[in-house]
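For reference, the structure discussed in these notes is given below.
Predicted, not measured: the structure shown is a model, and the values here were computed from it. Just so you know, these numbers use all the heavy atoms, side chains as well, and skip hydrogens, waters and symmetry mates.
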Amino acid sequence: VHLYLFSPNSGMAQFQEVMRKQLEASMHKELEKLLSTTKGIEAEVGVKDFEGFKKIFHSFLQAKGPSVDWAKIYRPPEDLIQPYDKIKARGLPENVAESLNKLVVVKLNGGLGTSMGCKGPKSLISVRNENTFLDLTVQQIEHLNKTYNVDVPLVLMNSFNTEEDTKKILQKYAHHRLKIHTFNQSKYPRINKESLLPVAKDMSTLGENAEAWYPPGHGDIYASFRNSGLLDQLITEGKEYIFVSNIDNLGATVDLHILNHLMSQPDGKRCEFVMEVTDKTRADVKGGTLIEYDGKLRLLEIAQVPKAHVDEFKSVSKFKIFNTNNLWISLPAVRRLQEQNSVDMEIIVNPKTLDGGLNVIQLETAVGAAIKSFDNALGINVPRSRFLPVKTTSDLLLVMSNLYSLEAGSLTMSKKREFPTTPHVKLGSSFTKVHDFLTRFESIPDMLELDHLTVSGDVTFGKQVSLKGTVIIIANHGDRIDIPAGAMLENKIVSGNLRILDH
């Protein structure tokens with residue numbers, strides 16, 4: 001009989017360590033089983049993907065409580081968050097083309113349009129004059145390439161959800177003046193919340209296995225970009241920086257002033273990572289913010305905040321800025337950090353319930369969280385116009401309206417609008433799906449003088465309606481409101497039942 005004497009604390013720690021090792025060993029065994037169900041290219045990709053998954057799973061098992069100590073959080077010093085106007089004031093050099101030839105535009109294209117009631121990749125939803133997100137992106141870059149006689153390529157980071165549909169559509173850009181490359185995000189297994197083992201039976205993403213896999217957040221860009229071989233290829237071609245953004249952020253266009261700022265730093269002081277931030281409004285209280293932590297810039301997301309401090313995190317007075325996810329990152333730095341295995345990102349544990357009711361978790365990372373791993377990182381406080389995401393049909397209504405004019409793929413606020421703020425638009429559940437939204441507007445209303453619009457219930461809009469000031473339209477359950485063609489609503493509340501009948 002062996003009698004082990006542990007102090008209660010050390011005993012518990014040792015027991016936990018044993019459990020962790022057992023869980024990890026079981027996970028590795030299950031991953032091997034999954035790999036044995038496939039061969040060829042798919043198996044090779046699976047091996048690389050699982051290397052990344054093993055790392056994230058290991059870190060997940062090691063995690064102890066909140067990843068930040070609230071007492072060590074400081075507002076970043078002013079020189080680490082530069083105002084955009086200061087950078088713009090330096091002007092542009094003669095050789096803008098030289099800098100542009102060292103740039104690659106990367107769009108995060110892994111998301112589906114399901115939240116807006118659409119099938120397939122979100123980037124293929126029409127947002128303006130029949131142009132999709134992808135069309136607008138292509139037009140912007142093609143315009144740059146023609147204007148400056150340069151070669152800025154577009155890279156799309158797809159997921160296994162969007163790859164096939166995106167590749168089909170790319171054929172239509174074959175004769176446009178830009179090169180388009182694609183690579184795939186990793187494919188990670190969802191894990192059972194209780195057993196912490198994969199729910200997948202094999203490597204396929206079809207049939208009953210469709211829900212067993214997920215793309216692990218955009219933080220996966222560093223590993224999958226490198227694994228694809230594209231990172232090395234672009235460095236060989238003389239490219240130095242990537243400009244990364246979400247494909248549904250219509251404000252994320254190539255900014256020559258930020259590019260010039262990056263390119264004009266002396267070699268030893270080269271800025272390896274720029275995060276574009278913008279001032280928080282009440283609508284952005286959940287957005288990640290930049291802090292100083294252990295002497296470095298760091299992205300703080302709401303999921304990392306201890307419960308007792310969530311209200312403080314949301315306050316506009318303490319944390320005045322948030323991350324737009326427009327990022328400028330040095331390619332050689334990405335390669336160096338990947339080689340050293342030193343890209344450090346917090347893990348986001350995302351709980352999900354599958355259709356059959358099974359509770360699973362997926363482990364994700366965010367691209368901006370790696371900021372602390374790069375040298376001379378910087379935040380640039382940009383105008384709000386560089387953050388124009390289309391997440392809902394309420395956002396879609398804004399970008400389809402006369403508030404914005406479209407030129408060479410870029411949307412800019414109309415000069416006819418007297419103040420630069422975007423109206424607050426809240427459309428009810430009858431408008432959630434793009435198809436329903438489009439059938440409820442015979443034409444998009446004039447919104448140049450609108451401040452606030454709330455619409456709820458069964459409401460339709462005739463042609464050439466004009467909305468000004470604050471307009472609230474509420475059709476109660478069972479009622480319907482038809483706003484007649486040519487109507488002008490200014491500071492109006494419309495409720496009850498208003499139906500325009502044809503004679």
Side-chain angles (χ1 to χ4, degrees), residues 84-85 87-88 91-92 96-97 99-101 103-107 109 122-156 169-170 172-173 175-180 243-260 276 278 324-326 328 380 382-391 394-423 425 438 441 443-450 464 466:
Y84 176 77
D85 289 345
I87 281 165
K88 192 175 179 181
L92 290 172
V96 170
S99 297
L100 278 168
N101 274 325
L103 181 70
V104 176
V105 173
V106 179
K107 293 286 182 185
N109 185 45
K122 187 173 180 184
S123 57
L124 306 185
I125 295 174
S126 286
V127 279
R128 181 83 186 215
N129 309 352
E130 300 301 308
N131 288 303
T132 65
F133 289 105
L134 188 53
D135 291 334
L136 295 176
T137 301
V138 167
Q139 287 166 28
Q140 287 163 23
I141 300 173
E142 190 175 29
H143 177 68
L144 263 185
N145 286 340
K146 284 178 176 171
T147 306
Y148 295 96
N149 192 25
V150 290
D151 172 26
V152 176
L154 168 63
V155 172
L156 299 172
I169 216 86
L170 289 182
K172 79 175 193 182
Y173 308 117
H175 301 294
H176 287 250
R177 187 167 162 183
L178 82 165
K179 288 187 197 127
I180 304 179
F243 170 49
V244 182
S245 63
N246 299 353
I247 199 153
D248 64 6
N249 177 7
L250 295 175
T253 56
V254 171
D255 186 280
L256 298 177
H257 297 282
I258 296 177
L259 179 65
N260 179 47
E276 292 185 35
T278 194
T324 63
N325 221 36
N326 300 348
W328 303 73
I380 297 181
V382 297
R384 181 75 185 200
S385 56
R386 292 193 56 73
F387 184 67
L388 186 58
V390 180
K391 303 287 181 195
S394 301
D395 300 329
L396 192 56
L397 179 63
L398 288 169
V399 299
M400 289 176 89
S401 77
N402 60 347
L403 280 165
Y404 291 95
S405 51
L406 177 66
E407 199 180 329
S410 297
L411 287 183
T412 45
M413 182 73 78
S414 167
K415 291 192 170 58
K416 292 179 189 162
R417 179 154 173 97
E418 288 178 9
F419 29 94
T421 55
T422 325
V425 172
L438 292 173
F441 289 98
S443 70
I444 301 295
D446 170 353
M447 290 164 44
L448 276 176
E449 294 176 47
L450 180 71
Q464 294 175 325
S466 181

Compare all side-chain heavy atoms of [X] with those of [Y] and state whether any distance is below 4.5 angstrom.
X      : Y      : result
Phe387 : Asn326 : no
Met447 : Leu397 : yes
Leu103 : Trp328 : yes
Lys122 : Ile247 : no
Asp85  : Pro383 : no
Thr253 : Leu144 : no
Arg177 : Asn149 : yes
Leu256 : Leu100 : yes

Closest non-hydrogen atom pair between [X] and [Y], with its separation:
X      : Y      : value
Leu398 : Pro423 : CD2-CD, 3.8 Å
Ala252 : Gln140 : O-OE1, 4.2 Å
Ser385 : Leu388 : O-CB, 4.4 Å
Asn249 : Arg386 : ND2-O, 3.2 Å
Val127 : Met400 : O-CG, 3.1 Å

Sequence-distant partners of [X], side chain to side chain contact (heavy atoms under 4.5 Å, CB included), two or more places apart:
X      : value
Asp395 : Val390, Lys391, Thr392
Thr132 : Ser126, Leu134, Asp135, Tyr173
Ser466 : Asp446, Lys468, Met488
Asn260 : Leu92, Pro93, Ser264

Determine yes or no for a side-chain-to-main-chain donor-acceptor pair under 3.5 angstrom, with [X] supplying the side chain and [Y] the backbone.
X      : Y      : answer
Arg417 : Leu448 : yes
Arg128 : Val399 : yes
Ser123 : Phe133 : no

TODO: Can you sort out the partners of Asn246 under side-chain hydrogen bond (donor to acceptor under 3.5 Å, both in side chains), two or more places apart, ordered by chain and number?
DONE: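 Partners of Asn246 by the side-chain hydrogen bond (donor to acceptor under 3.5 Å, both in side chains) criterion, ordered by chain and then number, come out as Asn325.
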Task: Point-to-point distance, once rounded to the nearest 0.5 Å, from OG1 of Thr278 to OH of Tyr84 - done: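 Spacing of OG1 (Thr278) from OH (Tyr84) equals 12.0 Å.
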Task: Nearest-0.5 Å distance, CG of residue Leu136 to CG of residue Asp248 - done: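 So the CG of Leu136 and the CG of Asp248 are separated by 12.0 Å.
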Side chains of residues 404-415: which donor-acceptor pairs under 3.5 Å do they make with residues two or more places apart or in other chains?
from	atom 1	to	atom 2	distance (Å)
Ser405	OG	Thr412	OG1	3.4
Ser414	OG	Lys416	N	3.0

Open item on the list: Just to verify, which of Ile141, Val96, Asn101 counts as forming a side chain to side chain contact (heavy atoms under 4.5 Å, CB included) with Val150?
Closed with: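 Between Val150 and the candidates, side chain to side chain contact (heavy atoms under 4.5 Å, CB included) is satisfied uniquely by Asn101.
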